[in-house]
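The structure under discussion appears below in the form of structure tokens.
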Amino acid sequence: MHRKKRQLAQLSAVMDIIAEEIPPNPTDRLETAICGVLANDPLYIAELEKYSSLVAATIVEIGGWAGWIKRETTPKDNIANGNNMGLDEDDFAILGMGAVDNTAEGKLAEDAIRRWGSRLFGTEWIDEDAEVEGWEIGIGPIARTKDGRRLNAKLLEQIPLTSTRRVEKLLTHTTEAKYHSTHSAIAFNWANHLISTTDNHGEILHFLSLAAAKNDEARRLLHDTVTTLLQRSLLSSSAYPPDEILDPRLQLLLSSPTECKSELLRFELSGYAALRTFYTLRSSAPETAVKALTAVIKSAGEPIDGGVWDKEWESPVEPTVLPQVLKELLSCVDALGIREAMDVAKVLTDFEACGDGLRKACIDQGDGDSKEVEKIVRSVREGLCKVFARAWKRGGC
């Protein structure tokens with residue numbers, strides 16, 4: 001403590017000698033601004049900023065901690081937020097405590113930091129070899145200003161999203177810093193970019209799931225994206241996309257669902273994954289395949305339980321695809337076990353009880369008409385009756 005006081009005293013003496021032996025040039029605006037700052041006049045900061053925003057911001061940081069520049073925030077505020085700049089209690093005792101100042105003077109000082117930090121956000125690289133981006137540096141000083149988190153959140157959302165690597169770095173930071181809404185906005189913006197530029201469904205679903213917690217639109221789009229994949233599979237009567245062109249992320253999500261950290265994404269993919277399993281196994285292992293298809297049918301039947309269509313019920317499979325799924329069942333209905341047959345019969349009964357409203361919605365989204373839907377339902381009924389009859393003959397009921 002005493003050593004640091006002596007060092008400050010020595011520094012003050014040196015500054016006095018310099019001022020006496022090398023007098024400033026009053027006609028030089030830069031020298032005048034420097035002298036004004038050294039004389040503890042913060043009004044010269046704006047003049048100094050014309051020459052170097054970095055130097056101006058640095059002076060505000062140091063002067064704010066020392067107490068001779070008034071700021072809108074205090075060291076105490078910043079310590080509470082974890083922004084102690086690496087200084088210990090002795091340093092704080094020597095520098096003093098910056099005073100809270102809600103006047104124009106305090107704002108003027110912190111605006112210099114805000115402008116410098118904002119410029120850093122517009123700088124792509126500080127050190128490209130070390131992969132240090134401008135925003136990674138600018139976010140710290142801004143966070144130490146009044147309402148700095150709000151400004152940082154706004155600036156983070158405006159950063160151009162040029163690569164998945166940059167996006168993942170931004171998402172990591174916003175998670176650690178608890179910028180939850182900003183995290184969601186960045187993930188959603190990147191997902192929309194991928195939707196318009198790629199067919200990497202796994203990447204799209206991944207980023208939509210990250211955005212969904214704070215964004216209802218992302219939640220809806222996540223569900224719609226999976227529903228589209230499921231419908232395209234049903235229309236082609238085969239897994240879409242085919243295994244050979246699956247993007248790595250979707251392949252991983254389907255093959256190792258437990259490694260997916262998003263419970264929402266696992267939920268949304270469950271029906272689609274079961275349908276893909278059906279297509280993979282329907283020739284080689286029809287009994288296992290039909291169990292997977294039954295799981296899809298049960299999932300689609302959840303919103304119409306009891307014969308009433310609850311459109312607010314969240315299910316990974318929409319009941320509007322039921323005719324198409326039941327059509328796939330016709331190719332392997334004989335492989336149904338009694339338990340699966342009973343599950344299908346229950347959903348079929350609920351579907352018929354829902355009436356014309358659901359049937360019309362199914363027709364609008366499918367490729368058939370009311371007669372086609374009726375034919376599918378009747379054929380499935382007949383197939384189920386045969387399953388039940390065989391079970392009764394074997395004493396299985």
Side-chain angles (χ1 to χ4, degrees), residues 4 8 11-12 15 29-30 32-123 126 133-159 170 173-174 176-183 185-186:
K4 292 184 177 181
L8 285 176
L11 175 61
S12 179
M15 296 302 295
R29 298 181 66 179
L30 176 58
T32 302
I34 294 173
C35 290
V37 170
L38 291 174
N40 298 347
D41 188 343
L43 295 179
Y44 282 95
I45 292 172
E47 183 66 26
L48 188 58
E49 191 179 359
K50 296 177 182 178
Y51 298 92
S52 173
S53 59
L54 169 59
V55 171
T58 302
I59 289 174
V60 173
E61 289 269 44
I62 295 173
W65 286 94
W68 54 269
I69 289 181
K70 292 182 179 181
R71 292 185 56 173
E72 295 178 291
T73 54
T74 69
K76 183 178 180 181
D77 295 333
N78 288 318
I79 295 168
N81 291 326
N83 299 320
N84 60 17
M85 299 176 66
L87 303 179
D88 57 25
E89 293 181 1
D90 288 345
D91 296 317
F92 297 141
I94 292 173
L95 293 173
M97 298 296 286
V100 177
D101 190 336
N102 292 321
T103 64
E105 186 177 330
K107 184 177 184 302
L108 178 67
E110 293 212 336
D111 278 347
I113 297 177
R114 295 186 184 102
R115 283 190 291 269
W116 175 60
S118 298
R119 290 190 184 102
L120 288 174
F121 271 80
T123 304
I126 299 298
E133 299 184 50
W135 67 267
E136 295 179 84
I137 305 300
I139 202 167
I142 290 178
R144 294 189 287 272
T145 64
K146 183 180 180 181
D147 294 328
R149 283 183 60 85
R150 187 180 305 170
L151 178 56
N152 272 334
K154 180 180 179 181
L155 292 171
L156 284 167
E157 289 187 30
Q158 294 174 357
I159 293 176
L170 286 166
H173 174 79
T174 51
E176 294 174 350
K178 298 182 180 180
Y179 288 95
H180 301 303
S181 296
T182 304
H183 179 277
I186 291 171

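These numbers come from a predicted model, not from an experiment.
Residue R115 places its CZ atom among more than 12 non-hydrogen atoms of other residues, nucleotides or ligands, all under 6.0 Å distant.
The CD1 atom of I45 lies 13.0 Å from the OG atom of S53; values are rounded to the nearest 0.5 Å. With rounding to the nearest 0.5 angstrom, the CD1 atom of I142 is 9.0 Å from the CZ atom of R114. For the atom pair CH2 of W135 and CG of N152, the computed distance is 10.0 Å after rounding to the nearest 0.5 Å. For the atom pair E176 CD and K178 NZ, the distance stands at 11.5 Å (nearest 0.5 Å). The distance from the CD1 atom of I159 to the CG atom of L170 is 5.0 Å, given to the nearest 0.5 Å.
What you find for H173 and Y179 is that their closest heavy atoms are NE2-CE1, 4.2 Å. Here the closest heavy-atom approach between residue A153 and residue T182 is recorded as CB-OG1, 3.2 Å. Pairing each heavy atom of A57 with each of A112, the nearest pair is CB-O, 4.1 Å.
Residues that satisfy the side-chain contact (heavy atoms from CB on, under 4.5 Å) test with K154, not counting sequence neighbours, are Q158. Every salt bridge (charged side-chain N to carboxylate O under 4.0 Å, His left out) that E133 has, sequence neighbours left out, goes to R166, K169. Considering only residues two or more places apart in sequence or on other chains, L54 meets the side-chain contact (heavy atoms from CB on, under 4.5 Å) condition with S52, T58, W116.
Counting heavy atoms from C-beta on, the side chains of I139 and L156 come closer than 4.5 Å. By the 4.5 Å heavy-atom criterion applied to side chains, R71 and E61 are counted as neighbours. In this structure, the side chains of I126 and E136 stay at 4.5 Å or more apart for every pair of heavy atoms.
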Quiz item: Under the salt bridge (Lys or Arg N to Asp or Glu O under 4.0 Å) criterion, do E72 and R144 qualify, and how do the steps go?
Solution: CA-CA 10 Å; E72 295 178 291; R144 294 189 287 272; over 6 Å; no

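A salt bridge is absent between K107 and E110: the closest approach of a Lys/Arg side-chain nitrogen to an acidic carboxylate oxygen does not fall below 4.0 angstrom.
Within the 3.5 Å criterion, the main-chain N or O of P141 finds no donor-acceptor partner in the side chain of T145.
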